[in-house]
Amino acid sequence: MRSTTLLLALILSLNLASAAQPVLAQQNTAAALTVAVANPAERRWPETIPTSGWLKPWHEAVIAAEIDGLRVTDVLVDVGSIVRKGQPLVRLADESVRAELRNQEAALASTKADLAKARANADRARKMQGSGALSDEKINEYLIAEQTAIAGVESAEALLESQKINLAKTTILAADDGLITSRSAQLGGVVSSGTELFRMIRQQRVEWQAEVSARYLPRIRQGLTAAIVGPGDRRVKGTVRLVAPTVSTDTGRAIAYVALPAEARPPIGLYVTGQIELETTAALTVPETALVLRDGIAYVFIVDADKRASRVRVETGRRNGSEVEILSGLDRSTGVVVTGGAFLSDKSLVRVAEGAFAELEKGESR
């Protein structure tokens, strides 16, 4: 009787176990998270040097008065104005200069009249030379008077030309194409020679003075591409135009001068970050969404043929857009969970999104 009871209990437990297996299988299947899987990509990325520095003018021009004691009558531009070379910026009162110009014109006319008289006397003296009508002393006097009159005319012409230059200086012109960044000129103000009236960025060119560690100097050369992150996270590309020949004894850094395009017009005076691109090298990359950061350590989940997700620690390198370089921990044929990894635990059963597992198997066959 006892053996019969044990036999019945054994049969019943086997039936219950076999009935429970499909239920467990359904539960495991229902618990599986659907993920997208892809193989790491091989890219050609430039090696970059992260750095930072000030945005400053390529060249700054100071526009100043070149004449003393004149009053400002017109201010024709303001801060932010884009000007062309030779464009009038300021006009000064020119009444006194014009009066002096007329005075010099009159002085020149007088010296020319004196020259005409002296020349006529010298011509007569030359004709009478040797005739005994005039003494040699008188002849020499007429000839010397002619030379003196010629010098007087030349001097008056020089003074007249100088006064014309002074008249031209009453209109202050732009020294080059550029952008006005400061204005000291005030209507009605009396200026003196050398007084700064405007400051401008020549040709609207702004450069990034990137501070570079001395160990990178042998690898940085003219013509390399660089990029900054400007206001509003706007990226601006430029070109290294010059590398400073000296290293700061305070910081151990040198300055790389990066020319930025004029049309970008980044604001001067900002301290911005960026990078300088060196030679191009191979990079094994995954989407940034594949990374799972836990306790400050980067992981990715890989999927095997049994559709189990395993957590793998990786070392990251360069970044480009939404992709991240993987320096260690993966190879090209590994299937990586690119979305949904943050919700997985080690050895989780997953369901691979349609089309992704085929790519995984293709990678494994290689």
Side-chain angles (χ1 to χ4, degrees), residues 33-53 208 210-220 224-230 232-238 240 253 256 258 271-305 307-348 350 352-353 356-357 359-364 366:
L33 180 69
T34 300
V35 296
V37 176
N39 299 118
E42 291 182 351
R43 308 291 189 198
R44 297 287 296 176
W45 281 0
E47 185 180 351
T48 59
I49 301 172
T51 184
S52 56
W208 178 39
E211 299 176 359
V212 180
S213 175
R215 72 176 184 271
Y216 292 118
L217 281 182
R219 305 177 63 190
I220 299 177
L224 290 178
T225 299
I228 65 168
V229 180
D233 294 330
R234 183 169 63 100
R235 289 179 61 84
V236 179
K237 285 195 171 184
V240 176
R253 293 174 174 270
V258 177
Y271 193 80
V272 299
T273 59
Q275 57 191 18
I276 297 174
E277 298 180 0
L278 301 179
E279 68 272 9
T280 300
T281 56
L284 188 67
T285 70
V286 297
E288 191 174 22
T289 54
L291 291 181
V292 178
L293 296 177
R294 292 178 182 171
D295 299 324
I297 300 174
Y299 298 93
V300 297
F301 281 90
I302 63 173
V303 179
D304 57 25
K307 299 184 183 179
R308 293 280 177 180
S310 301
R311 191 177 72 177
V312 176
R313 180 174 177 173
V314 294
E315 182 183 356
T316 61
R318 294 167 284 177
R319 292 174 180 261
N320 187 1
S322 61
E323 291 187 290
V324 181
E325 180 186 20
I326 302 299
L327 301 177
S328 64
L330 292 180
D331 58 48
R332 175 68 179 86
S333 62
T334 306
V336 178
V337 175
V338 294
T339 57
F343 304 101
L344 295 177
S345 57
D346 200 20
K347 304 301 181 183
S348 297
V350 297
V352 178
F357 193 68
E359 176 63 23
L360 167 62
E361 291 177 337
K362 181 180 178 183
E364 288 178 341
R366 290 195 291 268

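Please read these numbers as outputs of a predicted model, since none were measured by experiment.
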Donor-acceptor check, side chain of R308 to backbone of K347, threshold 3.5 angstrom: yes or no? yes
In this structure, CD of E315 is separated from CD of E325 (nearest 0.5 Å) by 9.5 Å
Checking the side chain of D295 only, and the main-chain atoms of I297 only, is there a donor and an acceptor separated by less than 3.5 Å? no
Do side-chain atoms of R332 reach the backbone of P40 as a donor and acceptor pair under 3.5 angstrom? yes
In sequence, state the C-alpha distance, the side-chain angles, and the governing distance for S52 and Y271, and then conclude on side-chain contact (heavy atoms from CB on, under 4.5 Å). CA-CA 7 Å; S52 56; Y271 193 80; 3.1 Å; yes
Does the side chain of S310 reach to within under 4.5 Å of the side chain of D346, using non-hydrogen atoms? yes
How long is the straight-line distance from OG of S322 back to CD of E288, given to the nearest 0.5 Å? 7.0 Å
Pairing donors with acceptors under 3.5 angstrom, does anything connect the side chains of S348 and R311? no
Nearest 0.5 Å, please: how far is CH2 in W45 from CG in L284? 10.0 Å
Would you mind checking if E47 and R318 are paired as a salt bridge, meaning a charged N to carboxylate O distance below 4.0 Å? no
Any chance you could measure R319, atom CZ, to L291, atom CG, to the nearest 0.5 Å? 6.0 Å
Given 3.5 Å as the limit, does a donor-acceptor pair link the side chain of R235 with the main chain of A227, or not? no
Flag the pair V338 / F301 as yes when at least one side-chain heavy-atom distance between them is below 4.5 Å, and no otherwise. no
Is the shortest side-chain N to carboxylate O distance from E323 to R43 below 4.0 Å? yes
Can a donor-acceptor pair be found, under 3.5 Å and without considering hydrogens, that links the side chain of S213 to the backbone of R253? no
